[in-house]
Amino acid sequence: MDTMRDRFIATTSRLLDEDPRLALVLAEISRDGFRRAEERHPARVINVGIREQLLIGVGGGLALAGMRPVMHTFASFLVERPFEQVKLDLGHQGVGGVLVSAGASYDWPAGGFTHMSPGDVALLDTLDGWTVHVPGHPDEAEALLRHAVAGDDKVYVRLSLQANGEARAVTGDRFLTVREGRTGVVVAVGPMLDNVLSATEGLDVTVLYATSVRPFDGATVRHAVAGAGTADVVLVEPYLAGTSTAAVAEALVDVPHRVLGLGVARRELRRYGRMDEHLASHGLDPRSLRDRVGAFLRR
């Protein structure tokens with residue numbers, strides 16, 4: 001199976017052939033994958049070098065000129081480093097664009113903390129009007145990318161090397177109900193689904209699958225807890241723990257509820273290791289998730 005990043009390169013290359021409005025802005029990362037696209041469309045495939053602030057600035061300028069820019073690099077260089085440009089050159093100017101990241105929270109641990117971005121979605125939450133997609137499979141990444149490119153709004157597509165074994169029919173808005181139960185609701189975001197399904201096997205819980213997390217689908221969460229006197233909700237996110245707990249609280253503002261936010265801890269892991277070791281250290285592997293979810297629901 002190809003990776004989400006492989007699928008992004010292939011899909012965007014085809015879209016550049018099909019849509020003269022589309023432009024791609026790179027900051028060295030993934031440039032080799034776009035060599036042929038750059039040769040075919042030299043005016044619409046732009047590599048700014050390792051100048052991430054310029055990456056966003058160029059994208060904003062293209063949007064002001066009526067283009068649909070796709071801006072791509074590692075998440076830490078796409079959201080965190082040029083955050084002021086994201087805020088001003090897109091948001092303040094009132095133009096849209098598609099940010100497509102690679103690297104996720106710790107896809108390449110050997111790159112060190114400079115290449116890790118567990119806080120990207122939480123950071124975008126400080127701005128208005130962003131749609132955020134977190135696919136869990138390359139097929140979903142392609143579907144959500146096509147959905148994003150077709151619009152005119154501000155969209156962040158967060159790609160990861162971690163992927164679920166099976167693709168789901170994602171629509172770009174609603175959460176999917178994967179399993180139904182009566183004692184709680186577990187929301188699995190993107191590549192967390194397989195681990196959540198393994199962790200909750202045999203438990204009487206509803207599992208919702210979220211690949212589009214902003215806007216947050218509070219209606220599906222409300223429907224999942226309907227009929228219960230109280231609601232227990234567990235969020236399992238592949239980025240900073242608790243990023244979406246406020247969204248759950250808003251959705252259930254008139255329902256007595258408890259929320260447990262699981263995800264990447266704030267502490268920095270300085271022994272970088274492998275991606276699976278980071279998952280285990282943050283308690284996001286199936287065994288740890290089962291212990292944490294079970295303990296929460298038994299309280």
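Criterion: ILVMFWY side-chain heavy atoms under 4.5 Å apart, direct or through other members. Under it, M71 and I50 are not part of a common hydrophobic cluster. Linking ILVMFWY side-chain heavy atoms closer than 4.5 Å, directly or via other members, places V155 and L24 in a single hydrophobic cluster.
By the 4.0 Å N-to-carboxylate-O rule, D139 lies close enough to R7 to be salt-bridged with it. Residues R21 and D152 are paired through a salt bridge, judged by an N-O separation under 4.0 Å between the basic side chain and the carboxylate. Remark: R287 does not engage D285 in a salt bridge, criterion side-chain N to carboxylate O under 4.0 Å. With salt bridges taken as basic N to acidic carboxylate O contacts below 4.0 Å, one links R146 and E142. The pair E38-R31 meets the salt-bridge criterion, with a side-chain N (NZ, NE, NH1 or NH2) lying under 4.0 Å from an Asp/Glu carboxylate O. Ion pairing between E84 and K87 fails under the 4.0 Å rule for side-chain N and carboxylate O. A salt bridge does not link R44 with D17: none of the charged nitrogens is closer than 4.0 Å to a carboxylate oxygen.
Side chains of F77 and L55 form no contact here, defined as non-hydrogen atoms less than 4.5 Å apart. Y209 places none of its side-chain heavy atoms less than 4.5 Å from the side chain of T177.
Using cut-offs of 30° and 60° for the angle between ring planes, the H72 and F8 rings count as tilted.
Around the CZ atom of R267, the shell of radius 6.0 Å holds more than 12 heavy atoms that belong to other residues, nucleotides or ligands.
In this structure, R214 contributes its side chain and V132 its backbone to no donor-acceptor pair below 3.5 Å.
No donor-acceptor contact under 3.5 angstrom links the side chains of S76 and R81, judged on distance only. Side-chain contact check for S101 and Y156: at least one donor-acceptor pair (N or O, by modelled atom type) lies under 3.5 Å. Using modelled atom types and a 3.5 Å distance limit, the side chains of R290 and T200 yield no donor-acceptor pair. Of the N and O atoms on the side chains of E237 and S244, at least one donor lies less than 3.5 Å from an acceptor on the other residue. When only modelled atom types and interatomic distance are considered, H133 and S212 share a side-chain donor-acceptor pair under 3.5 Å. Side-chain atoms of D107 and Q162 form no donor-acceptor pair, as typed in the model, at a separation below 3.5 Å.
Of all the heavy atoms in T211 and E140, the pair that sits closest is CG2-OE1, 3.6 Å. Nearest approach of A224 to V185, heavy atoms of both residues: CB-CG2, 3.8 Å.
Aromatic rings of Y239 and Y106 (six-membered ring for Trp) have centroids beyond the 6.0 Å cut-off, not under it.
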Practice task
In sequence, state the C-alpha distance, the side-chain angles, and the governing distance for T3 and D6, and then conclude on side chain to side chain donor-acceptor pair (under 3.5 Å).
Solution key: CA-CA 5 Å; T3 67; D6 292 334; 3.1 Å; yes
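By the 6.0 Å and 45° rule, R258 stacks over the aromatic ring of F296.
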